[in-house]
Structure formats: C-alpha cells, structure tokens
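I have placed the structure first, in the form of structure tokens, so that the comments after it can refer back to it.
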2 protein chains.
Amino acid sequence: MTVSTPSLSELLRLDDGVLPAACPSRVVLDHVTSRWGVLLLVALSDGTLRWGELRRRVEGISEKMLAQTLRVLEADGFVRRDAQPTIPPRVDYSLTDRGREITELLIPLMHWIVQHAEDIVGAGD
Amino acid sequence: MTVSTPSLSELLRLDDGVLPAACPSRVVLDHVTSRWGVLLLVALSDGTLRWGELRRRVEGISEKMLAQTLRVLEADGFVRRDAQPTIPPRVDYSLTDRGREITELLIPLMHWIVQHAEDIVGAGD
DNA sequence: CAGTATCCCCGAGGATACTG
DNA sequence: CAGTATCCTCGGGGATACTG
C-alpha cells in the first residue's frame, strides 16, 4: 500500500537530480514559500476572507507585504480577488482551484510543523 | 475515502484561526521554507550526499549559504552531518528521521510545482 | 475599508580570498 | 575537499502618511 517515496530524480524526471537554477519552478517555489505566501494561502484555506480579516489572521504582516504577496499569488492564479464597487469598499479573497490544490499540500506541512515546532526550537536553538 | 481537508483552525486547534507571530512554528517554517532549505532537503531525499555533490545539485547556491543553511537544518535535527577525519576530508550529509518526515511532505509540493510551473509563470508573469 | 506612496534600514545573501 | 572569513550590495520588508 505504501509506495515508497520515489526519488526526486524519478519524480522530476531529472537524470542527474539537478534542478536548474534558471527554471520556472524556482520562481513558483519562491512565491509559494515566500515569507508570507504559505501563511496567506493556509489562512485562505478556511474560506473567503476580507482584507482586514487576512491582516488580523496573519499576525505581523504589514500592509505593504499583504498587498504585495496577494498580488503575486493572484498573478500566479492561486488567489481570486473580488472587489465590490461599494462605499466603503469590500474586497474578498479566496483560493482558486489551483490555489486549493497547492494549499492541500501546504496544510500537512504546516500541521507537521506546528506539532513539532516546540521540540525543534526547544532542543536545538 | 477522501476526508475533506479539515480547516486550519481544526488542524491547529486555534479557535480564531490566528497563528501568533511570536511562535516556534514561525521559526521552523522560516527555516524549512528558507530560500535554500526546501531545495537542500529535497536534494537529500535521494540519499546521502557530500558537500560538493550538494553544491552541484542545488545549482546557484553559494558556499556561504550552503554552509549556513546546512547548519540551521542540522541544528533543527533535519540533517545529519558525518565528517570523516581523513585527508582530504570527506563529509556526508543525510536526512535524519525527522528530516525524512518533513521531506516526505515537501516532495509532493515540489512535484506539483515542477509539474505546473510552466503554466503559472507562462501565463501570469 | 482597502488599499497606495514614500522613505529608509538592516540583514540575507553573493563574490572573493584564504585554510586545515 | 570542505569549509571559514571578510567585504559589500541590493532589495525585502517595516513604518508612516496619505487617498478614493
């Protein structure tokens, strides 16, 4: 049942295991694993959130980085932005299908980290 | 069969969905998703590698960042360092059990990214 | 409310040279 | 070979003020 994890080379079909530096995946990896990228995607996995809600959920993020990271994630097609032309404005952010795909891979990671973080920083740091 | 992904709040047992800023998980998340962290861990998933092999595999990494990132990953208990006291020296790096655990969550992520990267940067960037 | 615009700083990270 | 030491740059990212 447990298919032993295939090697990176097999998974990526690299015959030498080298992932080139100039490579689209590096760009996407950087976007997703950017300082605030993971946190925003994971926050949105709970459902649609407004700008202000996102700010509060992802504690510590500045307005600048919230805007910037959201723009990148939107450009990559991970996040959908719905702006109501009302006064005052209301903007909803949610995951696209693509965003949900990658977030489903991110959640187990976050989960593992949250479970083990204490042991890790407690012992070594 | 498919258990629908539980919400972040459920997974993390946060009643408000807010992941605090001052929190060990943030530190570990930063280490793992650091610029070179993912790439190194994933490279080591293929098995033990020597310093020079790692440098070549993770194309673009400088010696400084290789050393620095490896030290962090070692301190976190993800990576084991085996130094043979020979001349010339030989140092082997491999994943610990803990390293293998988290890498098994990283591989699907990398895999997804490599599969979809072209579409993503091709269309939006 | 949901952003943009600006200024500015610090440290991540690269280049280079050196060493056991 | 497997690093360390040093210098230096560039841009990530915070603080603050302003706007439709």
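Letters go in sequence order (proteins before strands), and every chain restarts at 1. Side chains included, hydrogens not; waters and symmetry mates left out as well; all remaining heavy atoms used.
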Notebook entry, point to check: Hey, mind stepping through Leu73(A) and Leu41(A) against side chain to side chain contact (heavy atoms under 4.5 Å, CB included) and telling me if it holds?
Noted result: CA-CA 9 Å; Leu73(A) 294 177; Leu41(A) 287 170; 4.1 Å; yes

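Applying the side-chain contact (heavy atoms from CB on, under 4.5 Å) criterion to Leu66(B), with sequence neighbours excluded, gives Leu40(B), Trp51(B), Leu54(B), Arg55(B), Ile61(B), Leu70(B). Scanning for side-chain contact (heavy atoms from CB on, under 4.5 Å) contacts around Gln68(A) gives Lys64(A), Met65(A), with sequence neighbours left out. Not a single salt bridge (charged side-chain N to carboxylate O under 4.0 Å, His left out) links Arg71(B) to another residue, sequence neighbours left out. Residues that satisfy the side-chain contact (heavy atoms from CB on, under 4.5 Å) test with Ser34(A), not counting sequence neighbours, are Thr69(A). The side-chain hydrogen bond (donor to acceptor under 3.5 Å, both in side chains) search around Arg56(B) returns none, not counting sequence neighbours. With sequence neighbours excluded, the residues satisfying side-chain contact (heavy atoms from CB on, under 4.5 Å) with Leu105(B) are Pro108(A), Leu109(A), Trp112(A).
Regarding Gln84(B), its CD atom lies at a distance of 15 Å from the P atom of dC1(D), rounded to whole Å. For the pair Leu66(A) CG and dG3(C) C1', the interatomic distance rounds to 9 Å; values are reported in whole Å. In this structure, Arg55(A) atom CZ and dT4(C) atom P are separated by 13 Å, rounded to whole Å. As a whole-Å value, the separation of Trp51(B) CH2 from dT4(D) C1' is 9 Å. Nucleotide dA2(C) holds its P atom 13 Å from the CG atom of Asp82(A), rounded to whole Å. Distance CD (Glu74(B)) to C1' (dA2(D)): 14 Å, rounded to an integer number of Å. If you measure from atom CG of Leu70(A) to atom C1' of dC1(C), you get 15 Å, rounded to the nearest angstrom.
Using a 4.0 Å cut-off, no side-chain N or O of Arg56(B) falls inside it from OP1 or OP2 of dC1(D). For dA2(D), one of the phosphate oxygens OP1 or OP2 lies less than 4.0 angstrom from a side-chain nitrogen or oxygen of Arg50(B).
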Item checked: Pairing pattern in dot-bracket form [Watson-Crick, G-U; both distances under 3.5 Å; | = partner strand] for DNA chain C -> ||||||||||||||||||||

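Every pair passing salt bridge (Lys or Arg N to Asp or Glu O under 4.0 Å) that includes a residue from residues 85-94 of chain B is listed here, sequence neighbours excluded: Arg90(B)-Asp92(B).
Across all strands, Arg81(A) comes closer than 4.0 Å only to sugar-phosphate atoms, never to a base (heavy-atom distances).
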Next item on the list: Treat primed atoms plus P, OP1 and OP2 as sugar-phosphate and everything else as base, then score nucleotides 6-20 of chain D 5' to 3': B for base contact with protein heavy atoms under 4.0 Å, S for sugar-phosphate contact only, - for none.
Entry: -------BBB-B--B

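With Val114(A) as the partner, the side-chain contact (heavy atoms from CB on, under 4.5 Å) test is satisfied by one option alone out of His116(A), Glu118(A), Met110(A), His111(A): Met110(A).
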